[in-house]
Amino acid sequence: MRPVQALLPPTYYHTHFREMMAFVTGLYGDGLGLDEREFMARFEQLGEPAQCLYIRMVNRKTAIFRMRDLNYPEIGDIAAAMDQLTRHGFVRGLECGDYRACLDSMTKPDLVRLAKVAGLPDMRSNWSKGDMVAYVHDLLSYDNFTEIEDIGASFVPHFRERVGFLLYLYFGKLNDNLIDFTLRDLGILSVKARETHAARFESVDDARAGYFYRQRLSELKAKGIDPNPLAAQIETFPAALSDHSQGLRDRLLYRLGQGFEACKDYGRALDLYGRSQAFDSQERRIRLLYAQGAVDEVKALLDDIMANPAHDEAYIFADDFYSRKFGGRRTGVLTELLRSGRTVVVDDLYRGYPEAGAIQALSAEGWRGYHVENTLWPSLFWRVFHDELSTAPVCNDFDPVPKCLRDGRFHIDYADAVVAKIAAVRDGHIADILTPARPPDQEEERLWGEVIDAFVAHAAPCAIATVLEAFAHNYYGLRDGFPDLLLIRGDEVRFVEVKAEGDQIRRNQLARLNLLKSAGFDVEIVRLSYRIDPQQTYVVVDVETTGGRSIYDRVTEIGAVKVRGGEVIDVWQSLINPKRPIPAFITELTGITHDMVRDAPTFDQVADAFADFMEGAIFVAHNVNFDYGLISAEYRRIGRGFKHPKLCTCASMRKHYPGLSAYGLAPLSREFGIELIGHHRALNDAHAAAGLLALVNEQRALKE
């Protein structure tokens, strides 16, 4: 990553805009439409101040600009620049059709003032801005509005649509600014320049169609689904010329169908679903037809999907629906698979941490568990095909994913490499072609590299090859739905999908389980049952610090007591060099002096040992957020995560033993006869809090 610069040049946005235009022109050349070429030619005729002012205006969401609001010192004479923009047709004055947008640009206080001056007495200051705008627009005419408001020096930029389309050609998404360029130049956003770039779209006409469908989808999302206006224009929609624009068209048709279905206009919903090639539309169409009793048509559609499925999820839906509705089975394969999974008891403190709870429970069977989900296979794929992917063309330097992966052409463009490397993996030679993990910037990256290395060392080569080959053919289609956990025990490897109470298995998850099982992997669904586990491991922690702010202050001592089955089974303690002075009042409170920690290890030197001590345990402390927050902050400083379920003995004692006079560690210890010698030293306090944990767990067990 580049070093952060203190300042950007005054007209940095002008440089970025011209860089964007040059890139688009170089990549698409004569394929650009007349509108785009004419816009850029006219833009070049402007002086730099006028160009800068225009870019400033179109880079803002504001639709209408008043001269008094345009204050850009680097441009100089704003009036002269605006005059040139007006003469060249880049801006115009306000018109009646801009009335609603003008109101939208006003603040709520301005709207309240306007209503008062106009004599609209029913306006309420607690209304939403949208309601205020609608009220004024309906009751105050444009002419009367212009008499009240000084809008003579107001301007509306032209050609926003053309600028938006140029940005779409560059970014492949709706974008109204060049903030990515700014973040790049500030060193905040890291990019990797490639020697070659690939056009994102097969043609400018196809990009224009995609831009149209993206805009319509955005409008539906922003304003809520009102299908009628768009549905009335459906015959004029641009033709989809590629999978890209066809996918967007299908998504729009699906959203429109949803709108009519929500209005109970099922006939129009069925028509729109029928026009879409998307599987989501096929599914809704089948369900609606079945509800209407069109059994024969439904059977025919299901037969067609099963004979020519677009993907595994489509086949699973069709087979499941056919079996349940016409095959005599009362439950589908999804429900049956979920029921076939075994139930594992996990302590109820793992609510919100289902994967960690499952890993802890399964460790009792000798498994070493890793939470991998949708990260393992893409990471392994990139390391196997690193040489090809690192040189494959991207659409621009901000885009980290090569175009061939987005388009599903990787197995075609790099056919020889795919065949050779998949064969090498299948023959057990993955170590010979696996690119070493790059030197990690953070400890988490190092640990993740070790997970991949452990996996390839124990998994069956043929099974790995089968899944990697599927990724080479359909990288984007397989980017999610993989099981939560990877388990390794000796030479055994298993993938586990974890389902907490109330969770349902989704079709894409079932499809990934099926892919892994078909490849030869052992797969399993584990359902969690949350109860109080008497054999749960707890680590009761206390920290001493230089102060109470996790952002600024540092840990000076950690004391930890490991408890299982109500018994203390281990302890861990260390002074920590905070690498900063210890305030006098802290020394007076804890007794810890700078001399005591001068030769103590720093936190990074004990981080591994403490993480090992905490593994598989619940983090317990008195006022737990304080201790947990300080330790989490220390791990973040060295680039590592720290995540464990928590239990607070203070809050728990308030819950289970209400009505006591005080709930500090010392008063509670006196109240319940718990030994506390040397208060405010970490291990002593941790032992006392462990005594409180025993009381809390007694009450938890009674109330289960």
State which residues pass ring-ring contact (aromatic ring centres under 6.0 Å, His included) with [X]; sequence neighbours excluded, sorted by chain then number.
X      : answer
Phe171 : none
His197 : Phe23
His137 : Tyr99
His14  : none

> Tell me, which pairs form a salt bridge (Lys or Arg N to Asp or Glu O under 4.0 Å) where one or both residues lie in residues 129-142, sequence neighbours left out?
Replying inline: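 Salt bridge (Lys or Arg N to Asp or Glu O under 4.0 Å) check on residues 129-142 returns no pairs.
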
>> Can you list everything that forms a side chain to side chain donor-acceptor pair (under 3.5 Å) with Asn474? Sequence neighbours excluded, please.
In response: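 Testing Asn474 for side chain to side chain donor-acceptor pair (under 3.5 Å), a comparison that skips the adjacent residues, returns none.
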
>> Evaluate Tyr211 against Gln215 for side chain to side chain contact (heavy atoms under 4.5 Å, CB included), listing each step before the verdict.
In response: CA-CA 6 Å; Tyr211 184 56; Gln215 286 181 306; 3.3 Å; yes

Within the side chain of [X], is there an N or O that forms a donor-acceptor pair under 3.5 Å with the backbone of [Y]?
X      : Y      : answer
Ser281 : Gln277 : no
Arg124 : Asp122 : yes
Asn374 : Gly481 : yes

>> Could you walk me through whether Tyr54 and Gln84 satisfy the side chain to side chain donor-acceptor pair (under 3.5 Å) test, starting with their C-alpha distance in whole Å, then the side-chain angles of each, then the deciding distance to 0.1 Å, before giving a yes or no?
In response: CA-CA 10 Å; Tyr54 180 74; Gln84 188 179 25; over 6 Å; no

> When the aromatic ring centroids of Phe201 and Tyr168 are compared, is their separation below 6.0 Å?
Replying inline: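 Phe201 vs Tyr168: aromatic centres under 6.0 Å.
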
> Are Arg255 and Glu219 ion-paired here, with the side-chain N under 4.0 Å from a carboxylate O?
Replying inline: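 Answer for the salt bridge query: no.
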
>> Parallel, tilted or perpendicular, judged at 30° and 60°: which one describes the rings of Phe17 and Phe39?
In response: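 Ring orientation, 0 to 90° scale: perpendicular.
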
> How are the rings of Phe385 and Phe381 set relative to one another: parallel (under 30°), tilted (30 to 60°) or perpendicular (over 60°)?
Replying inline: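 Rings of Phe385 and Phe381: tilted, as their planes differ by 30° to 60°.
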
>> Go through it in stages, so that I can follow the logic: the residues are Phe181 and Glu19, the test is side chain to side chain contact (heavy atoms under 4.5 Å, CB included), and I'd like the CA-CA distance, side-chain angles, deciding distance and then a yes or no.
In response: CA-CA 9 Å; Phe181 288 90; Glu19 179 183 344; 3.5 Å; yes

